[in-house]
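For the single chain, residues carry numbers from 1 onward in sequence order.
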Amino acid sequence: MPARVGRGADADGPFAALPLGTALPLAVIGGLLFALAFPSPGWWFLASPALACMLLAAMGQRARRAAWLGYVAGAAFWIPAISWAGRYLGPVPWFALALLEAAFFALGSVAIALAYRWVARAVPSTAGRVWGLPAVVAALWTGREWFSGSWPYGGFAWGRVGLSQSQGPFTHLAAYVGVLGVTFVVVYCVAVVVSLALVSPRAPGATLRLPVRVATAGLLVAAVLAVPAWPTATSGTVRIESVQGNGPAGYFDRAAPGEVLAAQVAATDVEAKGVDLVVWPEASAEFDPRQQPVIASSLDAVVDSVGAPLVAGAITQTPSGVLHNTSFVWTADGWQSSYDKKRPVPFGEYVPDRWFFSKLAPSLIGLLQRDYTPGTKPNVLPVAGIKAGIAICFDIVDDRLSRDMVRGGAQVILAQTNNADFSGTDENLQQLEIARMRAIETGRSLVNISTVGASQVIDPSGRTIDRVPEYTATSMVTDVPLGTSTTPASLASGSIALFLSLGGLLVLLACAPWGRRTRS
């Protein structure tokens with residue numbers, strides 16, 4: 001393929017900028033294809049052409065144009081991908097979140113555009129441009145995902161490339177390198193293929209002919225896919241009854257006190273045989289049973305009938321008035337232990353900087369009358385003779401909390417959630433796929449139990465071993481394997497993500513043309 005000519009700094013090189021009339025449609029197409037890689041429809045294979053389009057759009061562009069192209073690509077992705085955010089509150093929170101996240105796409109696009117200019121100039125050899133440059137590009141993309149998943153207000157770790165691969169052939173790599181590591185691998189493979197397609201065989205030092213390029217790309221992907229699944233070890237099982245009550249659990253359902261609890265009690269199969277543990281979803285008991293004897297009586301009846309302890313959720317309040325979204329263990333002897341949600345949802349469960357945002361959108365902010373405080377307790381609870389890692393809804397997106405579970409000795413993960421506010425949208429399916437990746441990443445079976453769905457039991461390989469229909473009051477009784485091994489990702493995925501993020505940025509800065517003036 002002949003070298004492209006454009007307005008980039010290296011206009012005669014293979015990574016020259018495309019004209020705006022070509023780059024802009026590529027950015028839009030890339031964003032839209034990327035959205036389709038997530039549920040629904042969840043066509044994971046579209047992530048690769050989506051990435052190729054977005055890389056080509058940013059390649060070699062000046063910083064300002066790269067930023068706008070990245071912003072357009074980000075908006076084309078985020079607006080459809082999180083349309084569920086406007087389910088009840090309308091377009092303002094939906095577009096606010098989508099356009100904020102698109103700004104991070106713009107930032108990453110600038111870094112990638114500069115990499116295709118600076119690194120390509122500093123490493124002019126064919127090997128450097130085919131193998132080295134894509135590593136920098138993939139690291140910068142990974143760094144952007146890490147940053148947007150951490151800031152502001154704890155970040156929004158949704159829409160990552162690695163998460164789009166929950167049903168794809170790269171999924172098993174999460175056990176080795178974590179979700180962000182999967183992002184790096186996928187982006188790297190795509191970037192290598194892009195480099196192979198663009199580096200001209202007539203360029204100085206280039207020797208790659210078309211058959212060699214095709215074979216090289218095929219061998220790279222084959223080598224990645226040849227990595228065996230991590231040999232996750234399990235020892236024994238625990239029989240769990242997971243109850244999806246399908247009660248009026250949404251914020252705007254205006255349920256009377258006790259309705260959600262009653263739905264959970266009614267859906268619990270008290271005649272199930274040999275149950276070791278019952279699990280209810282987030283906030284399923286509604287209020288603190290230690291303060292509400294009626295609730296305590298209902299929980300006692302369930303525990304006595306099933307003959308097993310119950311893990312449920314409730315809104316609790318400390319003597320000083322601090323509110324928590326809590327998961328607790330209830331036995332025949334009452335309240336045993338609890339975990340308070342560490343990642344309450346910004347603008348959903350609390351309003352950060354309320355004084356400021358109340359001035360911007362007083363009617364919307366006024367709907368949120370109470371703020372939940374992040375908890376500080378360990379997210380592993382002893383119950384039924386095992387240790388269970390607890391993730392309450394949005395907790396599941398937090399990389400650190402997943403690692404904390406394994407380090408705390410969790411043998412199984414109980415992911416309790418309330419998706420009732422997003423009924424009929426893709427939010428619950430997207431969250432389920434995040435949970436699937438966490439199961440693989442940690443080497444632990446995971447029970448994803450929702451008030452309304454999607455409720456499934458996932459084994460350490462990511463395979464669904466049990467499920468119930470959405471929007472149905474029912475329960476499932478499952479023999480859940482107990483994990484005993486520690487995956488590399490549980491030990492080092494945080495360090496891997498930090499190394500890649502900082503490494504990509506440092507290489508980019510090291511290749512910058514500091515010695516002479518340059519328009520960026």
Just grab all the side-chain hydrogen bond (donor to acceptor under 3.5 Å, both in side chains) pairs involving residues 38-48, residues at least two apart or on different chains.
-> S40-D426
Write out all pairs satisfying side-chain hydrogen bond (donor to acceptor under 3.5 Å, both in side chains) with one or both partners inside residues 240-249, taking only residues at least two apart or from two chains.
-> E241-S475, Q244-S455
If you look at every heavy atom in [X] and [Y], which pair is closest and at what distance?
| X | Y | result |
| --- | --- | --- |
| I458 | A439 | CG2-CB, 4.0 Å |
| A50 | G30 | CB-O, 3.3 Å |
| A312 | S284 | CB-OG, 3.9 Å |
| S337 | L381 | OG-CD2, 3.9 Å |
| I440 | A174 | CG2-CB, 4.1 Å |
| C53 | I29 | SG-CG2, 4.2 Å |

Who are the salt bridge (charged side-chain N to carboxylate O under 4.0 Å, His left out) partners of [X], not counting sequence neighbours?
| X | value |
| --- | --- |
| K377 | D340 |
| D398 | R343 |
| D399 | R160, R438 |

Only one of W158, F156, F147 passes ring-ring contact (aromatic ring centres under 6.0 Å, His included) with F104, and that residue is F147
Using the side chain to side chain donor-acceptor pair (under 3.5 Å) rule, take D395 and Y339 through it: C-alpha gap first, then chi angles, then the decisive distance, then the call.
-> CA-CA 12 Å; D395 280 345; Y339 160 72; 2.7 Å; yes
Measuring from [X]:[atom1] to [Y]:[atom2], what's the distance to the nearest 0.5 Å?
| X | Y | atom1 | atom2 | value |
| --- | --- | --- | --- | --- |
| I386 | L277 | CD1 | CG | 6.0 Å |
| D253 | E259 | CG | CD | 9.0 Å |
| R436 | Q456 | CZ | CD | 5.5 Å |
| I496 | L491 | CD1 | CG | 9.5 Å |
| L173 | M437 | CG | CE | 8.5 Å |
| Q165 | T171 | CD | OG1 | 6.5 Å |

Any side-chain heavy-atom pair of [X] and [Y] under 4.5 Å:
| X | Y | answer |
| --- | --- | --- |
| V186 | L51 | yes |
| W94 | W78 | no |
| T234 | T484 | no |
| F38 | E433 | no |
| V412 | R444 | no |
| V224 | C189 | yes |
| Q317 | V322 | no |
| V452 | E470 | no |

Which residues pass the side chain to side chain donor-acceptor pair (under 3.5 Å) test with Q416, sequence neighbours left out?
-> S327
Can you list the residues that meet the side chain to side chain donor-acceptor pair (under 3.5 Å) rule with W330, with sequence neighbours excluded?
-> D300
Compile the donor-acceptor pairs under 3.5 Å between side chains in residues 476-483 and protein atoms, sequence neighbours left out, one pair per line.
unit_1: T478; atom_1: OG1; unit_2: D466; atom_2: OD2; d: 2.5
unit_1: D479; atom_1: OD1; unit_2: R239; atom_2: NE; d: 2.8
unit_1: D479; atom_1: OD1; unit_2: R239; atom_2: NH2; d: 3.3
unit_1: D479; atom_1: OD2; unit_2: R239; atom_2: NH2; d: 3.0

If you look only at pairs with a residue in [range], which of them pass as a ring-ring contact (aromatic ring centres under 6.0 Å, His included), with sequence neighbours excluded?
| range | result |
| --- | --- |
| residues 426-474 | none |
| residues 415-454 | W84-F422 |
| residues 279-302 | none |
| residues 382-413 | none |

Test S493 against R403 for side chain to side chain contact (heavy atoms under 4.5 Å, CB included), laying out the working first.
-> CA-CA 8 Å; S493 62; R403 296 192 295 271; 3.3 Å; yes
Under 3.5 Å, is there a donor-acceptor pair between the side chain of E145 and the main chain of V161?
-> yes
Indicate yes or no for a side-chain donor-acceptor contact from D459 to the backbone of S445 under 3.5 Å, with no hydrogens or angles considered.
-> no
For F77 and F34, run ring pair (Phe, Tyr, Trp, His ring centres under 6.0 Å): C-alpha distance rounded to whole Å, both residues' side-chain angles, the deciding distance at 0.1 Å, then the answer.
-> CA-CA 6 Å; F77 165 63; F34 193 39; 4.5 Å; yes
Steps toward side chain to side chain contact (heavy atoms under 4.5 Å, CB included) verdict (F184, V177) | CA-CA 9 Å; F184 175 84; V177 293; over 6 Å; no
Determine, stepwise, if the pair N418 / T451 fulfils side chain to side chain donor-acceptor pair (under 3.5 Å).
-> CA-CA 5 Å; N418 177 14; T451 50; 2.6 Å; yes
List the steps and the verdict of side chain to side chain contact (heavy atoms under 4.5 Å, CB included) for S490 and T487.
-> CA-CA 5 Å; S490 297; T487 64; 2.8 Å; yes
S320 and T318 side chains, donor-acceptor separation under 3.5 Å = yes
Can you tell me if T316 and D288 form a side-chain donor-acceptor pair at under 3.5 Å?
-> no
Test salt bridge (charged side-chain N to carboxylate O under 4.0 Å, His left out) on R87 and E427 and set out the steps.
-> CA-CA 10 Å; R87 175 68 172 82; E427 187 275 342; over 6 Å; no
May I have the step-by-step check of salt bridge (charged side-chain N to carboxylate O under 4.0 Å, His left out) for E282 and K341, ending in yes or no?
-> CA-CA 10 Å; E282 173 187 19; K341 186 176 184 179; 3.7 Å; yes
Assess whether atom CH2 of W146 is packed by more than 12 heavy atoms of other residues, nucleotides or ligands within 6.0 Å.
-> no
Would V243 and V278 count as a side chain to side chain contact (heavy atoms under 4.5 Å, CB included) if you check the C-alpha gap in whole Å, the side-chain angles of each, and the deciding distance to 0.1 Å?
-> CA-CA 8 Å; V243 185; V278 179; 4.1 Å; yes
